[in-house]
Amino acid sequence: MQTLTETQTGEKDFLPLNGTDYVEFYVGNARQAAYFYRSAFGMRLTAYRGPETGTRDRASWLVQQGKIRFVFTTALEPDHPAAKHVRLHGDGVRDIALWVDDADAAFRETTGRGAGEVREPETLRDEHGEVRISAIATYGDTIHSFVERRNYRGIFLPGFAPVEGDDSVARPVGLKYIDHMVGNVGWGEMNTWVDFYRDVMGFRLYQHFDDKDIGTEYSALMSKVMANGNDRVKFPINEPAEGKRKSQIEEYLDFYRGPGVQHIAMATDNIIETVTRLRDQGIEFLRVPAAYYEDLTARTGPIDEPIDSLAELGILVDRDDEGYMLQIFTKPVEDRPTLFYEVIQRKGSRSFGKGNFKALFEALEREQARRGNL
Ligand code: FE2
């Protein structure tokens, strides 16, 4: 693994990003998907857009926790792009929307460097002001919207109506913000997309892992982490690698029918409390063997958290020269073995958990075998 600490974008730092604005999912039933994220992940329902608010062709539900905003959208017509997306991919991430100061400049700069045009800059208006929005294509059918909201004072976006009052379904678990979002791309395509994020988006290489770092007997992959200028946006890109049997990335690609978002890592300040609540609320996590914890501090050095609590919950620990981090992965949250989540707490470390890859991938392979996909 290599960590690059200096900004290496230089003159390419042409796309200032304030952070992730929202993540939009295209799903088969947004009302029910939102309910799952409220009751299990503890997100609060805050806004809605649909026929009742004047949008005829789709319904969207906004849920949030900390700075994390998820939008679930369902088509109300069979030929709507969201319906086609769900037919092909199942429920999945359509849009990783990025918060910018200038949606026109973001569109102009990126499309001028070769990004596919998805949405020309346009202004959305309502009584709370206006949002300027544009969008470009990234891997698979995934897009990046650029959202400029300095002239908007509404709840989210024009067209969305706030949902008043407390959300009695939501049971918050202490999730704060998106730490990173991982894309799976096809065989031999990782560097194409790494180049895209560098040349088109002005990102730089933050870390990379080769198959010696993260191959097990079966579930090999290669990964490079790309980050924007202020490090608020980090996108690891994975591609499958040759192994004895099917790579976990290949299983994803088979079921998602192409590249797409593999996992979303959400940060917490207290992973023991967050994971305890998530588990109580029905989220299922990958488990590593108990042996992982026997020599844990020999690998990680002293840590603040009681080892027995970590072992009980299945939380993993990794250390680098800047500190340590704690992480855990859910099982896929859908029937297709595609999207899953990571809960992460960083205590100085900028690691993505390299030291856990082997134990983790062996756990993952057991699940893959149970599905008959190994
Ligand atoms: Fe991750």
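The structure presented is a predicted model; accordingly, all values stated were derived computationally and were not measured. Both ligands and their constituent atoms are indexed starting at 1 by order of listing.
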**Message:** According to ring-ring contact (aromatic ring centres under 6.0 Å, His included), does anything in residues 228-280 pair up with another residue at least two apart or in another chain? List the pairs.
**Reply:** His89-Tyr256, His144-Phe235, His180-His263, Tyr197-Phe235, Phe203-Phe235, Tyr252-Tyr256, His263-Phe329, His263-Phe340
**Item:** side-chain contact (heavy atoms from CB on, under 4.5 Å) partners for Gln65, two or more places apart
**Value:** Met43, Pro172, Val173, Leu175
**Asked** Which count of protein N, O or S atoms is obtained for distances strictly below 2.8 Å from the Fe ion (ligand 1)?
**Response** 3
**Asked** Does Asp295 come within less than 4.0 Å of Arg299, counting only side-chain N to carboxylate O?
**Response** yes
**Message:** Side chains of Ser145 and Asp95: any donor to acceptor distance under 3.5 Å?
**Reply:** yes
**Message:** Show every side-chain hydrogen bond (donor to acceptor under 3.5 Å, both in side chains) that has at least one partner inside residues 149-159, sequence neighbours left out.
**Reply:** Asp21-Arg149, Asp126-Tyr152, Glu148-Arg150
**Asked** Hey, do the aromatic rings of Tyr22 and Phe156 have their centres closer than 6.0 Å?
**Response** yes
